[in-house]
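Since the structure comes first, as structure tokens, the remarks are kept for the end.
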Amino acid sequence: MWRLMLREFRLLLRRPVLAGLVVLLPVLMIAVLIGIFRAGIPVGMAVAVVDLDHSDLSRSVSRMLDAAPELQVTHQARSLSEARALIVSGAVRGAIWLPPDFERDIARGDRPEIVTFYDNQHMSAGSMVARGARNAIDTALAGLRVSIRQGQGEAPVQAQVALQPIPLQAHALFNPAFDYVHFLLAALVPTVSQIIAAAGTAYAISLDFAPGRHPQVLVRMAGGLLPALLGKILPYTLMFLLILGLSDVALYGWLGVPLRGSLLLMAAGALLFVLAAQLIGAVAFVLTRDMGTAASIIAVITAPAFGFMGLGFPREAMSPLAQLWGAMIPGTWYVELRIDQSLRATPVEISIWPVLWLALITVGLAALALAQLARMRRTLEVGA
Amino acid sequence: MRSVWRSIEAELRAIFADPQVRSIILASLVIYALIYPLPYRAELLRDVPVVLVDLDRTTTSAELARRVDASEPVTVSADARDMAQAVRMVQERLAYGVLLIPEGFERELLRGRQSPVALYADASYFLMYQRVMQGAAVPLRQMGAEVELGRLIASGSSYVVAQAQVSPAIQVEVPLFNPVAGYATYVLPAAFVLILQQTMLMGLALVATRRSAGGGHPVWLVLGRMGAWVALYALLLPLYLIVLPFLYGLPNLGRVDAVLAIGLPFILATGLLAQCVAALFRTADVVQVVLLALGLPFFFLSGFAWPVEAIPPALNVLAQFVPSTPAIDGFVRVSQMGAQLPDVAPTLWHLWALVAAFGVACVVIETRRLNRAASLNPTPDISEPAPEQR
């Protein structure tokens with residue numbers, strides 16, 4: 001087995017393509033993803049203001065909208081249809097409509113309407129616009145309410161307190177900075193690792209097990225099927241773990257994602273996850289003995305895996321079928337474990353479950369690979 | 001002209017004769033169309049469970065809890081003694097938020113003071129966080145406004161005056177194009193464009209890596225292949241971008257001619273890009289692994305799910321070379337938002353520019369291939385090329 005592993009490392013040095021696939025590609029992909037999400041929270045969504053009042057008050061509301069970090073007032077539209085055209089063409093992500101006689105109606109107590117239109121097809125940007133506008137308008141109205149109360153002779157502090165009898169103290173549990181980096185990258189890095197671990201391993205195995213090659217030699221060299229499989233896979237396990245480890249250093253060190261849980265559990269999860277992902281590739285290849293078909297199988301399993309992890313749309317709300325499919329993919333459990341142990345500081349006795357699931361998937365896939373290898377060897381020996 | 005026809009024929013034959021290419025381009029349509037949308041079928045997130053920690057235990061605190069429970073986004077799923085017990089329930093994923101009503105909540109309100117309530121929403125799942133915040137914030141504001149209104153009326157204001165003082169203007173929010181904020185409606189139109197691009201890139205790059213040098217002028221060769229892709233995808237593109245969205249019940253405002261007007265340069269740019277990818281990575285196996293890994297970064301680089309405002313400029317420039325970046329934006333605007341062709345003119349220019357750039361690159365690649373083949377094999381072999389050994 002050791003000889004086989006050494007041979008594999010030599011193979012890596014000799015074949016730049018193999019090295020490119022299992023080292024350069026994942027490093028590049030992870031770097032690009034970290035690059036995309038580094039900024040954390042998006043700011044400065046372009047919006048249009050439809051100010052039909054042109055009063056001091058409507059202008060001050062407009063200024064407050066521009067001052068909201070989420071928003072940037074880039075256009076003044078003359079009508080709603082003009083604003084809509086701006087949204088459709090993508091020039092802005094939303095529009096805020098201030099009606100004619102806005103200032104006068106407020107002074108009279110007629111409670112005019114302020115309407116925020118936002119592009120909810122682009123949901124992440126749209127909800128950002130809605131939130132930014134809501135807060136800015138709230139602030140503007142609160143200012144008005146305070147000045148009304150002060151006009152009635154209330155002290156400023158008292159007026160401020162009276163505005164909100166039940167203030168909401170909102171806390172972001174487990175993710176106080178509320179940074180996208182923390183939870184999106186926590187899932188994207190494993191997703192990409194899973195794809196490359198599966199595909200890269202299948203490719204490496206194809207170099208020895210493809211039709212016309214001589215897998216028996218490997219089995220003889222290693223002295224058994226299991227050592228042969230391990231000898232073939234483990235060198236890459238080390239490489240992928242190293243890459244995953246380095247990206248974790250970037251995430252938890254450089255980008256400051258909190259790491260609050262058990263490192264041991266994280267490490268055990270990472271090892272099982274990489275092995276399971278590799279075994280997906282190994283099984284796909286030994287079952288088909290054709291890299292093209294194997295790549296298609298790997299694509300079907302790993303390419304849509306991100307959706308099933310539930311970071312966007314939560315798993316709990318998915319159909320049972322979608323939950324089941326997700327449960328069979330190693331990345332689902334590894335991402336859950338990472339979130340548990342980095343952000344949520346989940347106690348070990350709860351967080352042990354994803355690790356056990358990972359172990360179960362790994363053992364199942366390994367058994368499948370070994371059974372197929374045994375069959376392959378028999379047919380090879382009969383043929384020889 | 002005849003070499004163009006020969007090239008069209010050769011490309012179509014290469015696509016349909018190779019079982020792998022066939023399975024990538026055709027079978028994957030069926031498989032991905034079933035698997036990709038699976039997680040999002042539920043569309044909406046309702047009744048997210050929230051734990052209540054009521055340290056006040058008065059009628060007012062019970063009323064507040066009842067109102068939060070009645071809101072659509074959340075449901076109060078359990079009571080907890082204290083914060084520690086509640087947090088543990090969140091850690092076990094039995095709930096995604098904690099509503100903490102402190103002791104003395106009612107007393108403070110009755111004394112006319114501020115009486116804060118704390119809401120802890122699980123921020124490790126973004127959508128859950130949003131829903132919990134929505135579900136609690138709205139009833140809370142309402143109750144606060146009622147309390148303020150009651151106090152003003154008690155101090156002698158008339159109802160109308162008090163109402164205007166509590167909220168001088170009415171805030172209305174109108175979500176456009178995806179009014180119910182359906183998750184499938186949000187993700188799938190973009191995902192279908194990306195799947196189309198990735199299967200096309202993989203399939204056509206595979207064909208390109210297995211091609212032996214053909215005869216004819218490089219320009220006619222490339223033009224012929226472009227013709228072949230258009231012929232094939234004139235059938236497949238409407239399947240992905242019109243039939244599939246229809247089957248999944250997604251809203252569609254798009255006119256077929258607008259979809260096709262974006263579709264043509266998109267197909268050409270993607271096909272040409274596939275030739276460049278194939279020339280870069282040479283062997284079929286490597287091309288497949290690389291393209292497989294690129295799918296997810298392409299999706300996030302496109303600026304659809306993650307707003308382009310937040311993508312670093314250098315990466316954004318890089319993203320403009322991928323056809324899916326303008327195409328996702330253009331198709332979504334046309335099909336989901338009812339944009340007309342003039343609205344998406346920048347998209348069309350962008351895609352045609354990619355066609356021109358990749359087209360020139362392909363002609364250069366083809367010319368070099370022909371020269372190399374000529375120098376290796378001075379007497380051109382016109383017999384049917386032997387299928388490549390895999």
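Values in this document were obtained by computation on a predicted structure and should not be read as measured data. Chain identifiers are assigned alphabetically (A, B, ...) following the order of the sequence lines, protein sequences preceding nucleic acid strands; residue numbering begins at 1 within each chain.
- The candidate with the highest count of non-hydrogen atom pairs below 4.5 Å against chain B, out of A/Ile96, A/Asp138, A/Thr293, is A/Asp138.
- Residue B/Asn316: no heavy atom, backbone or side chain, is found under 4.5 Å from chain A.
- Of the two parts of B/Val161, neither the backbone nor the side chain holds a non-hydrogen atom closer than 4.5 Å to a non-hydrogen atom of chain A.
- Both the backbone and the side chain of B/Met337 come within less than 4.5 Å of a heavy atom of chain A.
- Both the backbone and the side chain of B/Gln163 come within contact range of chain A, with heavy atoms under 4.5 Å apart.
- If you measure heavy-atom distances from B/Ala137 to chain A, the contacts under 4.5 Å come from both the backbone and the side chain.
- Chain A forms more heavy-atom pairs under 4.5 Å with one residue of B/Gln165, B/Met133, B/Arg113, B/Arg88 than with any other, namely B/Gln165.
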With side-chain contact (heavy atoms from CB on, under 4.5 Å) as the test, would you mind laying out the steps for A/Gln121 and B/Leu176 before giving the verdict? CA-CA 7 Å; A/Gln121 179 61 44; B/Leu176 300 172; over 6 Å; no

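- For B/Ala305, the part lying under 4.5 angstrom from a heavy atom of chain A is the backbone only.
- Within a 6.0 Å sphere centred on CZ of A/Arg111, heavy atoms belonging to other residues, nucleotides or ligands number more than 12.
- B/Pro312 meets the side chain to side chain contact (heavy atoms under 4.5 Å, CB included) test with B/Leu315; sequence neighbours excluded.
- Proximity of the aromatic rings of B/Phe300 and A/Phe37 is defined here by a centroid distance below 6.0 angstrom, and this criterion is met.
- Using modelled atom types, one side-chain atom of A/Arg145 and one backbone atom of B/Val166 make a donor-acceptor pair closer than 3.5 Å.
- The most heavy-atom pairs under 4.5 Å with chain A, out of B/Ser23, B/Ala191, B/Ser167, B/Gly303, come from B/Ser167.
- Using a 4.5 Å cut-off between heavy atoms, B/Tyr186 contacts chain A through both its backbone and its side chain.
- Checking A/Ser89 against B/Arg333 by side-chain atom types alone, no donor-acceptor pair falls below 3.5 Å.
- Interface residue B/Tyr96: only side-chain heavy atoms are found under 4.5 Å from chain A.
- With a 4.5 angstrom heavy-atom cutoff, B/Arg151 touches chain A only via side-chain atoms.
- The contact between B/Val90 and chain A is made by backbone and side chain atoms together, counting heavy-atom distances below 4.5 Å.
- For B/Gln288, the part lying under 4.5 angstrom from a heavy atom of chain A is the side chain only.
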As a quick check of understanding, evaluate side-chain contact (heavy atoms from CB on, under 4.5 Å) for A/Met29 and B/Leu294, giving each step before the final call. CA-CA 7 Å; A/Met29 289 303 100; B/Leu294 283 173; 3.5 Å; yes

Where do A/His122 and B/Asp329 land on the side-chain contact (heavy atoms from CB on, under 4.5 Å) test, with the steps shown first? CA-CA 10 Å; A/His122 297 87; B/Asp329 190 65; 4.1 Å; yes

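- Considering only heavy-atom pairs separated by less than 4.5 Å from chain B, the leading option among A/Trp353, A/Tyr118, A/Phe308, A/Tyr203 is A/Tyr118.
- Among B/Ser124, B/Pro297, B/Ala190, B/Ala118, the residue with the largest count of heavy-atom pairs under 4.5 Å with chain A is B/Ser124.
- If you look at A/Phe117 and B/Phe177, their ring centroids are not closer than 6.0 Å.
- When A/Gly35, A/Gly292, A/Gly109, A/Ala198 are compared by the number of non-hydrogen pairs under 4.5 Å with chain B, A/Gly292 comes out ahead.
- Chosen from A/Ile87, A/Val43, A/Ile298, the residue pairing most often with chain B at heavy-atom distances under 4.5 Å is A/Ile87.
- Among A/Ile339, A/Leu141, A/Leu33, A/Asp119, the residue with the largest count of heavy-atom pairs under 4.5 Å with chain B is A/Asp119.
- Per-residue heavy-atom pair counts under 4.5 Å with chain B were compared for A/Ile137, A/Val192, A/Val32, A/Asp105, and the maximum is reached by A/Ile137.
- Side-chain contact between B/Leu38 and A/Leu321: present, with at least one pair of heavy atoms (C-beta onward) separated by less than 4.5 Å.
- Ionic pairing of B/Arg46 and A/Glu316 is not present here: no N-O contact between side-chain nitrogen and carboxylate oxygen is shorter than 4.0 angstrom.
- For chain A, the option among B/Val187, B/Ile35, B/Val147 with the highest count of heavy-atom pairs below 4.5 Å is B/Ile35.
- With a 4.5 angstrom heavy-atom cutoff, B/Leu152 touches chain A only via side-chain atoms.
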After noting the C-alpha distance and the side-chain angles of B/Thr185 and A/Met123, does the key distance pass the side-chain contact (heavy atoms from CB on, under 4.5 Å) rule? CA-CA 10 Å; B/Thr185 308; A/Met123 223 153 89; over 6 Å; no

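- Judged purely by atom type and a 3.5 angstrom limit, B/Asp343 has no side-chain atom pairing as donor or acceptor with the backbone of A/Val88.
- Counting heavy-atom neighbours within 6.0 Å of B/Arg282 CZ, excluding the residue itself, gives a total of 12 or less.
- Using a 4.5 Å cut-off between heavy atoms, B/Val332 touches chain A through its side chain atoms alone.
- When heavy atoms are compared at a cutoff of 4.5 Å, B/Leu109 approaches chain A solely by way of its side chain, counted from C-beta outward.
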